[in-house]
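Just so it is clear: chains get the letters A, B, ... in the order the sequence lines come, proteins before strands, and each one is counted from 1. No hydrogens, no waters, no symmetry mates; every other heavy atom, side chains included, goes into these values.
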Protein chains: 2
Amino acid sequence: MTSSPPSLDATQLGAYFALIEASSLLKHAVEQQLRDAGDLSYVQFQLLATLGDSSTGSRRMTDLADGVVYSRSGLTYQAQTLEKRGLVTRTPSTDDERSITVTITEEGRAVLAGVFPGHVAVLEDLLFAVLSRSDIETLADILTRARDHMRQTPPRSAEPRRRKKMAGTDQAP
Amino acid sequence: MTSSPPSLDATQLGAYFALIEASSLLKHAVEQQLRDAGDLSYVQFQLLATLGDSSTGSRRMTDLADGVVYSRSGLTYQAQTLEKRGLVTRTPSTDDERSITVTITEEGRAVLAGVFPGHVAVLEDLLFAVLSRSDIETLADILTRARDHMRQTPPRSAEPRRRKKMAGTDQAP
DNA sequence: AGCAAGTGCTTCGAATTGGAAGCACGATAG
DNA sequence: CTATCGTGCTTCCAATTCGAAGCACTTGCT
C-alpha cells in the first residue's frame with residue numbers, strides 16, 4: 001500500500017499548533033484569574049456558567065458532561081464539590097428516576113457574577129485585544145463549524161456504550 | 001461604582017466558547033488516538049514532536065515547558081517517564097551546570113513516526129474536513145496573532161520569579 | 001573574593017482526571 | 001409480567017498536574 005502523503009502542509013500545521021497553543025495559554029490565564037477571584041477551577045466555572053445560561057438554571061449530569069467535554073466520573077466529583085460549597089443543588093429527576101438534575105443556587109449565581117468581570121477582562125486583554133471585529137466574527141464562524149462537526153462525529157471506534165440518537169451505523173456485529 | 005459593561009457581545013462569546021470547545025474536543029480525540037497508537041499522552045507527544053522539530057533534536061527543560069505550556073514540575077515528571085521508556089535522553093548541559101538538555105532518541109523518533117500518520121488522520125477528519133483552504137489560512141493567521149500576543153503578555157501580576165528578558169516594566173516596587 | 005539575588009530543575013503533597021466496573025432504573029421484546 | 005439490553009451516575013483506583021519549597025549553580029555588585 002503506497003500510503004497517501006500523511007503529512008500536513010505548513011499552513012495546516014500552523015493552524016493546528018496555534019489553536020492548541022492559544023487555547024492552552026488562554027485557559028491557563030483564565031484559570032489563574034478564576035482561582036484568585038472566586039476559588040473556582042476552570043471546569044467549575046464552565047459548569048456554573050452553563051447552568052446560569054439555562055432558562056431553568058438546571059441540567060442533567062450527562063448533558064453537563066457533554067457540554068463541557070468532561071468525563072462522567074470527573075463530573076460526579078466536581079458536582080459533589082460544588083454541592084458542598086452550596087453553589088449547586090443535586091436532585092433526582094422526577095420523570096426519570098436514574099438521572100440527576102443539577103441546579104445552580106443563588107449563591108452559585110453570586111459567585112459567578114463575582115468572577116465574571118475579571119474573566120471578561122482577561123479575555124479582552126489576551127484574546128480580543130489583538131483581533132479586529134471582523135477577525136472575531138470569522139474566528140467564531142470557522143471554529144463553530146469545526147466544533148459542530150466534531151460534536152457529531154463519533155469518536156472513531158464507537159464503543160458498545162457509545163451511541164447517540166443515530167440509526168444506520170451498522171457494521172459487522 | 002457604575003462599572004463599565006463587563007459583558008461580551010454574542011459574537012465574542014461565540015468565538016470564545018467555540019475556541020475552547022473545539023480545542024477540547026480535538027485534544028480528547030487526539031489523545032485517544034495517541035494512546036492507542038503509541039501509548040503516549042498528549043503532552044508526551046507534544047514533547048517528542050517539539051524535540052523532533054529541533055535541528056539538534058534537543059532542548060532545555062525550561063524551554064520545553066514553555067513551548068508546550070506546561071508546569072516545570074509537570075515537565076520533570078513527563079521527562080522522567082519518557083526517559084524510562086528510552087524515548088529521550090537527559091544530560092546536564094556543558095555550559096550551564098544547572099540546566100538539563102533533553103534529547104530525543106532514535107527510539108523516540110520511531111515512536112513519533114509510528115503515531116504521526118494516525119494523528120494526521122484524526123486532524124484531517126475532525127478539524128480540516130469542514131474547513132476550506134482559505135478557512136485554514138485565516139484561522140492560522142488569527143490564532144497565530146492571538147498566541148504571539150499571549151506569549152509576550154506577562155500573566156497579569158508578574159510574580160518575583162516571573163520575568164523574561166524585558167526591561168522597562170517598572171511599577172511601584 | 002564574598003555575598004545576595006536570579007535561574008534551572010526536582011521533590012513533596014494535595015487536588016484532579018478518566019477509564020473500568022458496578023448499581024439502579026427504564027424501555028423493549030417475548 | 002419478566003428477561004434483557006440500554007442509559008445515568010457513582011465508586012474505585014492509578015496516573016497526572018501544579019504550586020510551594022528546596023537545592024545547586026550563576027551572575028551581579030561591592
From the options [options], select the nucleotide whose nearest atom is closest to the side chain of [X].
X: B:E97; options: C:dT10, C:dC9, D:dC25; result: D:dC25
X: B:R60; options: D:dC9, C:dT10, C:dG8; result: C:dG8
X: A:S73; options: D:dC18, C:dA20, D:dG6; result: C:dA20
X: A:Q78; options: D:dT17, C:dC9, C:dT16; result: C:dT16
X: B:S99; options: D:dT16, D:dC9, C:dC9; result: C:dC9

Starting at [atom1] of [X] and ending at [atom2] of [N], how long is that distance when rounded to a whole Å?
X: B:I100; N: D:dA24; atom1: CD1; atom2: C1'; value: 11 Å
X: A:K27; N: D:dT17; atom1: NZ; atom2: C1'; value: 13 Å
X: B:E31; N: D:dT17; atom1: CD; atom2: C1'; value: 13 Å
X: B:Y42; N: C:dG18; atom1: OH; atom2: P; value: 15 Å
X: B:Y70; N: D:dG19; atom1: OH; atom2: C1'; value: 14 Å
X: A:L40; N: C:dA15; atom1: CG; atom2: C1'; value: 15 Å
X: A:K84; N: D:dT10; atom1: NZ; atom2: C1'; value: 13 Å
X: A:L82; N: C:dA15; atom1: CG; atom2: C1'; value: 14 Å

DNA chain D: 5'-proximal contact among A:D96 and A:Q80 (nearest heavy atom):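 Whichever sits nearer the 5' end wins; that is A:D96.
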
Residue closer to the 5' end of DNA chain C, B:Y77 versus A:V69 (nearest nucleotide):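 That would be B:Y77.
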
Counting only side-chain nitrogens and oxygens, does [X] get under 4.0 Å of the OP1 or OP2 atom of [N]?
X: A:R72; N: C:dA21; result: no
X: A:T62; N: D:dC9; result: yes
X: A:R90; N: D:dT10; result: yes

Applying a 4.0 Å non-hydrogen cut-off, can you work out what A:R35 is touching in the nucleic acid: base, sugar-phosphate, or nothing?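 No contact.
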
Consider side chain to side chain donor-acceptor pair (under 3.5 Å). Of A:Q44, A:E83, A:Q46, which one does A:Q78 pass it with?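 Single pass found, and it is A:Q44.
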
Can we say A:D66 and A:R59 salt-bridge, meaning some charged N sits less than 4.0 Å from an Asp/Glu carboxylate O?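 A salt bridge is absent here (no side-chain N lies under 4.0 Å from a carboxylate O).
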
With a 4.0 Å cut-off on N to O distance, would you call B:R151 and A:E21 a salt bridge?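 A:E21 and B:R151: salt-bridged.
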
Among B:H149, B:R145, B:Q12, side chain to side chain contact (heavy atoms under 4.5 Å, CB included) partner for A:L131: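 The passing option is B:R145.
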
Is a side-chain donor-acceptor pair under 3.5 Å present for A:T89 with A:T103?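 On atom types as modelled, these side chains do not qualify, holding no pair under 3.5 Å.
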
Under 3.5 Å, is there any donor-acceptor pair linking the side chain of B:R98 to the base of D:dT26?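 By the distance-only test, no, there is no pair.
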
